[in-house]
Amino acid sequence: MKELMIGNAAVARGLYEAGCTVVSSYPGTPSTEITEYAAEYNEMYCEWAPNEKVAMEVAFGASMAGARSACAMKHVGLNVAADPLFTMSYTGVNGGLVICVADDPGMHSSQNEQDSRHYAVAAKVPMLEPADSAESLAFAKAAFALSEEFDTPVILRMCTRIAHAQSIVETGARDERDNRPYVKTPEKYIMMPGNAKKCHPVVEARTASLAALAEDCPFNRAEMGEKALGIITSGASYQYVRETFGESVSVLKIGMVHPLPTKLIRDFAAAVDRVVVIEELDGMLEAHCTAIGVTVEGKELFTNIGEFSQRTVAEVFGLPQKEHVALDTAIPVRPPVMCAGCPHRGMYYTLAKNKVTVIGDIGCYTLGAQPPLCALDSTLCMGASVSGLHGFNKAGNENPAVAVIGDSTFMHSGITGLVNIAYNNSNSTVIILDNSITGMTGHQQNPTTGYNIKGDPAAKIDLETLCRAVGIRRVRVVDPYDLAACEAVLKEELAADEASVIISRRPCVLLKSVKTKPPVTVDADKCRSCKKCMKLGCPAIRMRDGKADIDATLCVGCGVCEQLCAFDAIGEVSE
């Protein structure tokens, strides 16, 4: 049956059709929907793991037991999972194991735009890269067969455009299969040095066999057109090339981006007059071509920064642009902001008001860095706020400083940082912004919410008990809608002579379970145009005709702005 699917849904369908049994992931844009769609197939056990390393280790355990398994993550998540990845390359697999990683060229929702192909090369595992939804499904299925045939984990590389663009796929039946028998094999799975030394030559031989496969396989294909120009490309860039040139040029489409073919590339280059490599981010295809003696043009024409488009390709080749309509009026910039009623806003206002240095973390609360709050001083990676605060203070900082981290991110990698604070006697204050959900990636459950990926009741981590268990004696809970309480608790904990945790607890206002209050309104006669309420950066508050005004369609009645108004101009709408 033919269906229209986004790439991530097609990957999930491919996992299902391949007979995958276990899927473990941590949500991260643009990979999140792979596991969300996979969870709709009851034949597969799916879960949200606390972090990507755990997810990959779960997939490894399932593979070792003989089941086909998968994990999914965004590109920076692969950094977290790199430790098991590199050793899994040595151990190999039992049941097929597929690692779905989604890169984010252009950094639509990421702190960097690293190229995950480097991991495939460094870990010496094969990587497939689909160029549309149909290939996303097909490559996901093929990856399992490849994994089992060559005794290796296989990486499926997505990117933002392929993950979220829709195209037609043809679905098929599920390949139901029994688990492969597990046989105790210490020399395969116990990677002590004596065994690992024997595995390394096996990995090198496997890479050579995969390179031979790359010469003649369904993942790589030459599409010959006119011989004046030949383009070597892959993934989303292939679509840009075809939409720009149509069928008028010769294209070598690479679907297995590691290991790369040699003879296939040389034969293609010999058949055309000029060879140009078009690839987003780093010049890895280009470097391989150069290494095997093929003269190509690449990064001298195309940048290694950001994502491409049809226009990018057309401009490089001096082709006429497709007609487009330009607006007469410039569209105002609309920077991302925290939602109206966001529970983080009250705490951030308090931190900014008291000129506290704030070591930030990854999540929707990163938006507190935007004006007018400007509350953050740094954001590095998942969990870095807690560890970073410890280092910041141990370096001799004497100014008030805190770390802020969300409940999901704390579960991901903040706990160990807090253990370090307690163990190494750091006088540091950590604020856990507990909005009862994984917010930035679209409201996925996590170990603090009490529900699993299916929405069924699950074990719920008690943050207060956990913090005390690792050695933090001062643990406070505050409602971020209560500005006076936030300020009082913040000052008390910053003045304490030992480590402390403040849990700023209020559910995300966008959760369906949250009942909002009626919107508040401004009495224009009382308003003195002091603009103090504007310092919150709430998108529901604006100035109109010199007076504060509240958009009733956005306001959720949180009441934070009421607490700032010294003239009682803001209040609830009367009956």
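Throughout, residue positions are numbered sequentially from 1 according to the sequence presented.
Other residues, nucleotides and ligands contribute over 12 non-hydrogen atoms within 6.0 Å of the CG atom of Asp462. Other residues, nucleotides and ligands contribute over 12 non-hydrogen atoms within 6.0 Å of the CD atom of Gln111. The local environment of CG in Asp178 is sparse, with at most 12 non-hydrogen atoms from other residues, nucleotides or ligands closer than 6.0 Å. Residue-environment remark: NZ (Lys263) stays at or below the threshold of 12 foreign heavy atoms within 6.0 Å.
Each of Tyr26, Tyr37, Trp48 was scored for a side chain to side chain contact (heavy atoms under 4.5 Å, CB included) with Thr32, with one residue passing: Trp48.
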Show the numbers, then the answer: is there a side chain to side chain contact (heavy atoms under 4.5 Å, CB included) between Arg506 and Val514? CA-CA 10 Å; Arg506 168 72 67 159; Val514 172; over 6 Å; no

Criterion ring pair (Phe, Tyr, Trp, His ring centres under 6.0 Å) on Phe308 and Tyr240, from CA distance to verdict: CA-CA 8 Å; Phe308 298 161; Tyr240 303 143; 7.3 Å; no

Trace of the salt bridge (Lys or Arg N to Asp or Glu O under 4.0 Å) decision for Arg157 with Asp103: CA-CA 7 Å; Arg157 184 196 188 214; Asp103 286 4; 2.9 Å; yes

Go through the steps for Ser309 and Thr312 under the test side-chain hydrogen bond (donor to acceptor under 3.5 Å, both in side chains), then give the verdict. CA-CA 5 Å; Ser309 66; Thr312 304; 3.1 Å; yes

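Proximity of Leu285 to Arg117: side-chain heavy atoms (C-beta onward) are separated by under 4.5 Å at one or more points. A heavy-atom distance below 4.5 Å is found between the side chains of Met224 and Phe268. Inter-residue side-chain proximity for Tyr119 and Gln114 is flagged as met; some heavy-atom pair is nearer than 4.5 Å. Residues Met127 and Ser116 form a side-chain contact, since some pair of their non-hydrogen atoms from C-beta on lies under 4.5 Å apart.
Although no hydrogens or angles enter the test, the distance criterion places a donor-acceptor pair under 3.5 Å between the side chain of Arg206 and the main chain of Asp151. A donor-acceptor pair under 3.5 Å is formed between the side chain of Arg345 and the backbone N or O of Cys339. Checked by atom type and distance alone, the side chain of Arg68 pairs as donor or acceptor with a backbone atom of Ala18 at under 3.5 Å. One N or O on the side chain of Glu148 and one on the backbone of Gly96 form a donor-acceptor pair closer than 3.5 Å. In this structure, the side chain of Asp551 engages the main chain of Thr553 through a donor-acceptor pair within 3.5 Å. Side chain of Tyr365 to main chain of Gly406: a donor-acceptor pair is present (N/O by atom type, distance under 3.5 Å, no hydrogens or angles). Under the 3.5 Å distance criterion, the side-chain polar atoms of His288 are matched with a main-chain donor or acceptor of Pro261.
Taking the charged nitrogens against the carboxylate oxygens, Lys74 and Glu52 have no contact shorter than 4.0 Å, which rules out a salt bridge. Residues Lys299 and Glu279 are not paired through a salt bridge, judged by the lack of any N-O separation under 4.0 Å between the basic side chain and the carboxylate. The pair Glu307-Arg161 counts as a salt bridge, with a side-chain nitrogen and a carboxylate oxygen less than 4.0 angstrom apart. Remark: Asp456 does not engage Lys454 in a salt bridge, criterion side-chain N to carboxylate O under 4.0 Å. Looking at Arg242 and Glu223, a side-chain N of the basic residue comes within less than 4.0 Å of a carboxylate O on the acidic one, giving a salt bridge.
The aromatic rings of Phe302 and Phe317 lie tilted to each other, with the angle between the two planes from 30° to 60°. A tilted orientation is assigned to the rings of Tyr182 and Tyr189, their planes being inclined by 30° to 60°.
Considering every non-hydrogen atom in both Phe144 and Ala70, the closest pair reads CZ-CB, 4.4 Å.
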